[in-house]
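Quick note: residue numbers are just sequence positions, from 1. Note that the coordinates shown come from a computational prediction; the quantities given were computed from them, not determined experimentally.
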Amino acid sequence: MGAAPSISSPCQCHSGENEVEDVEAIEALPSVTLPGKTTNTPKKEIIEVLGLESFEETTRVTEAAEDPENWGVNSKIRRSLLLERKLHSDTEIMRGISLMHTLRNFGVLWRASPLDMKDEQRLELWNRTRKVNEFDVFLSHTWHTRGLWKFLSLSLQLSWLQILLWWLLAMVLFELLFFVDILPPLAKPWKVSYVHQNYAAEIDWHIWGSSLAPAVSVMCFLITPYMPCMRDKHCFLDVASINQSDETLKERGIYGLGGFLKASKELRIMWSPPYLSRLWCIFEVAAYRMANPNGKISVRPLFVEITVLASWTGVLLTNAFLNLTMAFTTIGATFGIFTLIIAMVPCLFIFHSLRKNFLSKQQLFGDIQNFDLDAVECRVDFDKKFVHAAIAEWYGGAAAFTEHVRGPLREELMKDHLARIPLGYCLIIITPLLGTGLSSSVSLLKAGVPMNITLSYFIGVVLGIDTCWLLLMIQLALYICERFARPCRPGVACLAFVETFIMFIVFSTVATCGAFLAFIAIARGVVGSSVWCLITACILWLVNGGCAQLEKLRHHLA
């Protein structure tokens with residue numbers, strides 16, 4: 001949860017006046033078993049972590065601390081049993097909040113810092129939660145990262161399938177209404193010319209589906225948290241699940257994180273650059289794997305969804321330019337290619353932002369590979385001792401835990417294709433341009449164009465260009481931005497943008513050449529369109545795991 005002072009800083013819950021000043025005097029003390037415990041804990045560790053003046057005080061303090069009513073009486077009582085009860089589930093204060101509710105009102109719960117809230121607002125957050133026996137998901141994040149990025153990331157994670165479904169339904173509806181003449185043509189005539197098939201005509205064209213369906217998908221993204229049909233989850237979100245208005249309950253919640261993690265089905269790490277530098281975030285990772293050996297840990301880097309949303313925005317702008325041009329100019333044979341080149345200009349700036357986003361991906365892999373527990377930050381000395389004592393007990397020490405993060409944990413995360421752009425996200429990016437191809441196919445069909453020409457266009461353009469080729473180009477753009485994410489001279493903004501411009505020109509050239517080849521193939525009829533579509537589909541399959549599958553097949557046959 002990232003140790004923001006407003007949420008989890010125990011410095012607001014206790015002072016340092018009871019810290020042990022002379023730890024060396026008790027180094028020779030043997031290990032003992034605390035009341036009700038079965039494992040031995042060194043006296044030195046208990047005294048040092050709990051801030052007691054002598055070990056003889058532990059029995060009285062730990063017995064008193066068993067009763068939560070005593071927590072507000074004495075700071076030593078409030079901090080007792082922490083060492084032995086790191087994974088204790090404090091069911092009395094286990095509160096969850098609807099994941100959908102956290103995203104309503106444009107994610108105000110994520111964007112507003114509790115430091116800026118009034119006491120009434122903090123209490124309202126607690127009242128919005130409900131008592132639960134377990135959490136569907138524990139949201140692990142740091143408040144050192146802007147809440148807007150977390151809101152956008154979670155929103156896309158929850159709505160991507162609905163975006164695709166509503167876009168498809170909107171396209172079917174608008175195309176059907178145009179086909180039956182309920183909606184009139186809304187563009188200049190389209191000059192269709194197939195020289196090799198001796199066909200030329202001027203047909204009605206429209207932009208209803210290609211313009212309004214993307215708007216529907218954007219609206220779906222915004223209103224998904226309010227949809228009653230969505231399957232909701234009860235999550236642990238520190239700002240709401242930990243009482244922010246009552247200091248006693250707040251302290252119980254902070255030091256009861258281990259128990260909350262134990263009762264969670266999934267630990268979802270909302271990774272951002274500061275994440276692995278926050279000690280409480282590290283505690284959550286360590287405690288969850290210890291409490292749930294078979295539990296699900298999912299790493300959701302924020303830059304993945306931000307990258308997709310930035311790319312989607314660029315394609316939406318490109319599509320809007322295309323539709324405006326189609327509505328007010330006569331569409332000629334070469335219209336598609338050259339207009340597309342002009343329309344891609346907004347993507348240049350999106351291209352530049354993608355390079356910056358992929359720097360975060362490089363940092364993610366570097367942070368895991370070079371993780372060092374001793375370098376993790378914590379402002380409160382008591383918290384640092386508490387977390388280090390827990391990790392030492394669970395993993396055998398800081399060095400052992402460091403190796404665990406760099407080794408087994410890293411391998412576990414890599415199995416989930418960490419930081420890859422899912423296919424569903426890529427489909428969202430291409431939907432605006434795919435809609436234009438579908439609208440054109442419906443226009444051809446409605447105008448009575450020969451079926452071989454209509455079928456050739458659908459296979460070559462809709463399936464070949466707008467689906468397979470665009471997906472390939474998206475992956476090419478992402479590869480270029482990732483491969484050359486780091487500027488040659490960091491800090492020189494103008495030079496970095498020039499580098500982006502050169503990369504964008506290379507990318508645009510490849511994309512345009514592919515489109516030219518596609519239209520040459522489409523002009524040859526159904527056979528040419530089918531060959532083009534098959535080639536692009538095979539390349540798309542190869543770059544998305546096909547090569548690995550062929551390698552496995554080769555080893556199996558050998």
Side-chain angles (χ1 to χ4, degrees), residues 171 175 178-179 187-207 209-210 315 318-319 322-323 325-326 329-344 426-427 430-477 506-544 546:
M171 281 298 305
E175 296 306 319
F178 170 75
F179 192 80
K188 293 288 185 178
W190 178 14
K191 293 181 178 180
V192 180
S193 178
Y194 283 81
V195 178
H196 292 277
Q197 301 181 43
N198 297 319
Y199 181 84
E202 198 173 83
I203 67 174
D204 290 335
W205 205 84
H206 74 104
I207 59 173
S210 58
V315 176
T318 298
N319 183 68
L322 286 172
N323 285 326
T325 307
M326 291 173 183
T329 61
T330 301
I331 306 175
T334 58
F335 169 83
I337 297 296
F338 293 107
T339 304
L340 183 60
I341 294 175
I342 298 174
M344 288 174 64
C426 292
L427 289 174
I430 70 171
T431 51
L433 297 179
L434 179 58
T436 301
L438 288 172
S439 294
S440 301
S441 298
V442 173
S443 297
L444 292 172
L445 187 63
K446 184 176 184 295
V449 175
M451 186 54 63
N452 64 317
I453 294 179
T454 302
L455 189 60
S456 173
Y457 184 90
F458 179 81
I459 295 174
V461 175
V462 177
L463 299 181
I465 297 179
D466 294 340
T467 304
C468 296
W469 185 248
L470 278 181
L471 287 174
L472 279 172
M473 290 302 96
I474 287 173
Q475 295 185 347
L476 175 62
V506 173
F507 164 77
S508 300
T509 302
V510 175
T512 303
C513 289
F516 269 119
L517 291 175
F519 281 109
I520 292 174
I522 293 169
R524 265 61 180 180
V526 176
V527 174
S529 298
S530 300
V531 171
W532 159 256
C533 184
L534 182 62
I535 291 174
T536 55
C538 288
I539 297 175
L540 183 64
W541 175 72
L542 288 173
V543 300
N544 284 277

Minimal heavy-atom distance between Leu470 and Leu433, with the atoms involved, is CD1-CB, 3.7 Å
How many angstroms lie between OG1 in Thr454 and NZ in Lys446, if you round to the nearest 0.5 Å?
13.0 Å
Donor-acceptor pair, distance only, cut-off 3.5 Å: does the side chain of Ser210 make one with the backbone of Gly435?
no
Closest approach of Tyr457 and Ser441, non-hydrogen atoms and distance?
CD2-OG, 3.5 Å
Separation of Leu434 CG from Leu471 CG (nearest 0.5 Å)
9.0 Å
Would you check, one step at a time, whether the test side chain to side chain contact (heavy atoms under 4.5 Å, CB included) holds for Ile535 with Val531?
CA-CA 6 Å; Ile535 291 174; Val531 171; 3.9 Å; yes
Closest heavy-atom contact between Val449 and Ile203?
CG2-CG2, 4.3 Å
Minimum heavy-atom distance between Ser443 and His206, given as atom pair plus value:
OG-CD2, 3.6 Å
dist Leu534:CG -> Ile539:CD1 (nearest 0.5 Å) comes out at 10.0 Å
If you define the side chain from C-beta out and look only at heavy atoms, does anything of Ile430 sit under 4.5 Å from Cys426?
no
Do Trp532 and Ile465 have side chains that approach each other closer than 4.5 Å (heavy atoms only, starting at C-beta)?
yes
Distance, nearest 0.5 Å, that separates CZ of Phe179 from CG of Leu445:
4.5 Å
Once you round to the nearest 0.5 Å, how far does CG of Leu444 lie from CG of Leu455?
11.0 Å
Going through the checks in order, is the side chain to side chain contact (heavy atoms under 4.5 Å, CB included) test met by Ile522 and Ile459?
CA-CA 8 Å; Ile522 293 169; Ile459 295 174; over 6 Å; no
Contacts of Leu463 meeting side chain to side chain contact (heavy atoms under 4.5 Å, CB included) (sequence neighbours excluded), chain-then-number -> Phe458, Cys533
State, with a plain yes or no, whether a side-chain heavy atom of Ser529 is found less than 4.5 Å away from one of Arg524.
no
Would you say the side chains of Thr436 and Asn319 form a donor-acceptor pair under 3.5 Å?
yes
Please report the interatomic distance CG(Leu517) to OG1(Thr512), rounded to the nearest 0.5 Å.
11.0 Å
Shortest non-hydrogen pair, Val510 vs Trp469, comes out as O-CZ2, 3.5 Å
Indicate the atoms forming the closest heavy-atom contact of Glu175 with Ser439, along with that distance.
OE2-OG, 2.7 Å
Heavy atoms, side chains only, cut-off 4.5 Å: are Leu540 and Gln475 in contact?
yes
